[in-house]
Amino acid sequence: MALAGVRVIELAGLAPAPFCGMILADFGAKVIRVDRTKAGIPLDTQARGKQSVAINLKTPEGVALLRRLCVQSDVVLEPYRKGVMEKLGLGPCELLKENPRLVYARLTGYGQSGSYATAAGHDINYLAMSGLLSRLGRSGEKPYAPLNLLADFAGGGLTCALGIVVALLERTKSGKGQIIDASMVEGAAYTGSFVWKSRSIGMWDRSRGENLLDSGAPFYDTYQTSDGKYMAVGAIEPQFYRQLLKGLELDAGDLPPQMSFNDWPELRQILTERFASKTQADWSRIFDGTDACVTPVLSFDQVSSHPHNRERGSFMKDSSGAESPRPAPVLSRTPAEPCLASDPVIGEHTVEVLEQYGFTSAEVEQMLAAGVVECNAVKAKL
Ligand SMILES: C[C@H](CCC[C@@H](C)[C@H]1CC[C@H]2[C@@H]3[C@H](O)C[C@@H]4C[C@H](O)CC[C@]4(C)[C@H]3C[C@H](O)[C@]12C)C(=O)SCCNC(=O)CCNC(=O)[C@H](O)C(C)(C)COP(=O)(O)OP(=O)(O)OC[C@H]1O[C@@H](n2cnc3c(N)ncnc32)[C@H](O)[C@@H]1OP(=O)(O)O
């Protein structure tokens, strides 16, 4: 796999850093998640392919141990509030001095500088600060955050993974590591570069929810079908819009012009009534194989059995039968090979990993006895 041989130390976090670590693991990196001792139930749902060591970083021995792990690793990924790692004596100055090849990735909401740098926050706050949230939502309604996808995952975990891969690539030339300051505000804003930069061509001149791509246009929206499901319509270009009308058995001559903003409410009403007259399966049969840009809005239950997704194997099952998306994108020679085994329990690999990193059995025993590290066995499932 593309990242085979890359060793990553991921400090356990809430959602974005675990996703970043999972991407690296899916593409072949060896990712070791550092959990707290006495942590209880693991809350990381993005742990695929990782190993877990439990270390008490509130002890000098725990800190010294982590430093030893970082000396022999390529990447450290930390998701804490600014200053937490420095307080522990694990800041980039210390770690890069000991391992100048280390890529030190810091994934935070507000970044490592600026007046909000130390403030707590979550996806919705970062999205708000990026400007994007002000543009999301329907006409006349308040701004609406689309789950925690944009800041935590697109602007956070994914962007940080890009930073890590780029830094690793650069290291092949310079031989040097570097610090990555991944702010979710900036990552989300960067993901939204199209929105930012297409203001210059008037894409967002109207209020929220009244533009071409923000549910303002009736030909770029969702419609309920007679069985309570939905269809997604993205028929922007005139040639595709004509196919939409054809599938709906509507005559362009009886309708207002496609791009007449003032007539959009009337057009939306016509499309709403038409879509409500048949089931989702009926509409799918009508539009499949056309260029009308009309697709069913699939539920999680429907997604993997849809013929297109099934043909590509876009979703996969783990050893417990749970379904999830296959890693993307697909590389032709060295594709991701996601681990299908169950996620690690906290501290499951403590002894194994420490031995791999050169600790003697006596050292490991001593740290276990002193509560510096913890090793937990997987409970058998009956
Ligand atoms: C919207 C998303 C978040 C969604 C996550 C949800 C899935 C979950 C969030 C809450 C969960 C629920 C909750 O826990 C209650 C239930 C618990 C039950 O067990 C299960 C059900 C629950 C309902 C549970 C269910 C779900 O899991 C939840 C709903 C996001 O937006 S995520 C993005 C968040 N932002 C960031 O990541 C930005 C960067 N980070 C930060 O700004 C801060 O870390 C953050 C997130 C604000 C948290 O601040 P906090 O004060 O808690 O921590 P820090 O200041 O960073 O300091 C960390 C301290 O921990 C020490 N430490 C770290 N590792 C170790 C170790 N191995 N050993 C010892 N100590 C360690 C570290 O030294 C720091 O200590 P100090 O404070 O003394 O410096």
Side-chain angles (χ1 to χ4, degrees), residues 9-22 32-47 50-70 76-91 94 105-130 132-133 144-161 180-188 343-347 349-350 353-354 367 370-376:
I9 301 293
E10 173 196 318
L11 281 303
L14 273 184
F19 178 53
C20 179
M22 189 178 83
I32 296 165
R33 190 185 65 205
V34 177
D35 287 301
R36 289 170 167 78
T37 53
K38 304 187 180 68
I41 326 155
L43 294 175
D44 181 3
T45 57
Q46 317 286 293
K50 299 178 191 172
Q51 293 183 307
S52 164
V53 298
I55 306 176
N56 182 356
L57 292 177
K58 287 292 162 65
T59 62
E61 297 86 347
V63 169
L65 160 55
L66 189 67
R67 287 174 83 133
R68 256 178 86 177
L69 296 184
C70 290
V76 62
L77 169 58
E78 69 97 355
Y80 301 129
R81 205 190 291 254
K82 172 184 155 61
V84 165
M85 290 295 271
E86 282 80 354
K87 242 189 327 181
L88 290 168
L90 292 165
E94 287 90 354
R106 323 196 76 171
L107 179 46
T108 61
Y110 299 113
Q112 299 296 319
S113 55
S115 53
Y116 277 22
T118 56
H122 289 107
D123 171 276
I124 195 165
N125 309 114
Y126 313 141
L127 191 57
M129 288 289 292
S130 76
L132 287 183
L133 185 53
Y144 170 80
L147 313 181
N148 60 331
L149 293 172
L150 280 176
D152 275 359
F153 298 111
L158 190 56
T159 305
C160 188
I180 297 173
D181 178 1
S183 137
M184 291 186 243
V185 173
E186 292 165 6
D343 289 350
V345 302
I346 288 179
H349 306 98
T350 303
V353 167
L354 295 192
M367 286 191 284
V372 173
V373 298
E374 191 179 272
C375 191
N376 296 308

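Numbering of ligands and ligand atoms starts at 1, following listing order. Just so it is clear, the values below take in all heavy atoms, side chains as well, and ignore hydrogens, waters and symmetry mates. Positions are given from 1, in the same order as the sequence printed here.
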Protein residue, atom and distance nearest to [atom], heavy-atom basis:
| atom | result |
| --- | --- |
| atom 65 (C) of ligand 1 | R36 CG, 3.6 Å |
| atom 14 (O) of ligand 1 | L43 CD1, 4.2 Å |
| atom 77 (O) of ligand 1 | K87 NZ, 4.5 Å |
| atom 75 (O) of ligand 1 | K58 NZ, 3.0 Å |
| atom 64 (N) of ligand 1 | Y80 OH, 3.0 Å |
| atom 9 (C) of ligand 1 | L14 CD2, 3.9 Å |
| atom 43 (C) of ligand 1 | R81 N, 4.0 Å |
| atom 1 (C) of ligand 1 | D152 OD2, 3.6 Å |

Between A17 and ligand 1, which part of the residue brings a heavy atom under 4.0 Å of the ligand: side chain, backbone, both or neither?
->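 Within the 4.0 Å criterion, A17 makes no contact with ligand 1.
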Over all atoms of both residues, closest heavy-atom pair of A47 and P344 =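 Heavy atoms only, the tightest pair is O-CD, 3.7 Å.
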For the student: nearest non-hydrogen atoms of L66 and L11, plus distance |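 Reported closest heavy-atom pair: CD2-CD1, 4.1 Å.
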From OG1 (T37) to CE (M367), nearest 0.5 Å |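 Spacing of OG1 (T37) from CE (M367) equals 13.0 Å.
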[X] near ligand 1 by a heavy-atom separation under 4.0 Å:
| X | value |
| --- | --- |
| K82 | no |
| I124 | no |
| G13 | no |
| V84 | yes |

Element-labelled atoms of ligand 1 that are located less than 4.0 Å from some non-hydrogen atom of [X]:
| X | answer |
| --- | --- |
| M184 | 36 (C), 37 (O), 38 (C) |
| D35 | 67 (N) |
| N148 | 1 (C), 2 (C) |

Does [X] reach ligand 1 with a nitrogen or oxygen that is under 3.5 Å from one of the ligand's nitrogen or oxygen atoms?
| X | result |
| --- | --- |
| L57 | yes |
| I55 | yes |
| A120 | no |
| Y126 | yes |
| D123 | yes |

Verdict with supporting geometry, R106 and E78, salt bridge (charged side-chain N to carboxylate O under 4.0 Å, His left out) = CA-CA 5 Å; R106 323 196 76 171; E78 69 97 355; 2.7 Å; yes
[X] vs [Y] side-chain heavy atoms within contact, under 4.5 Å:
| X | Y | answer |
| --- | --- | --- |
| Y126 | M129 | no |
| I55 | L69 | yes |
| D343 | Q46 | no |

What do you think, any protein heavy atom under 4.0 angstrom from [atom]?
| atom | value |
| --- | --- |
| atom 23 (C) of ligand 1 | no |
| atom 6 (C) of ligand 1 | no |
| atom 36 (C) of ligand 1 | yes |
| atom 12 (C) of ligand 1 | no |
| atom 26 (C) of ligand 1 | no |
| atom 20 (C) of ligand 1 | yes |
| atom 72 (C) of ligand 1 | yes |
| atom 47 (C) of ligand 1 | yes |

Would you sort out whether E94 and R67 count as a salt bridge (charged side-chain N to carboxylate O under 4.0 Å, His left out), showing the intermediate values?
-> CA-CA 9 Å; E94 287 90 354; R67 287 174 83 133; 5.6 Å; no
Has the side chain of [X] got a donor or acceptor atom that lies under 3.5 Å from a matching backbone atom of [Y]?
| X | Y | result |
| --- | --- | --- |
| T350 | V53 | no |
| D123 | A151 | yes |
| N376 | I346 | yes |
| Y80 | T108 | no |

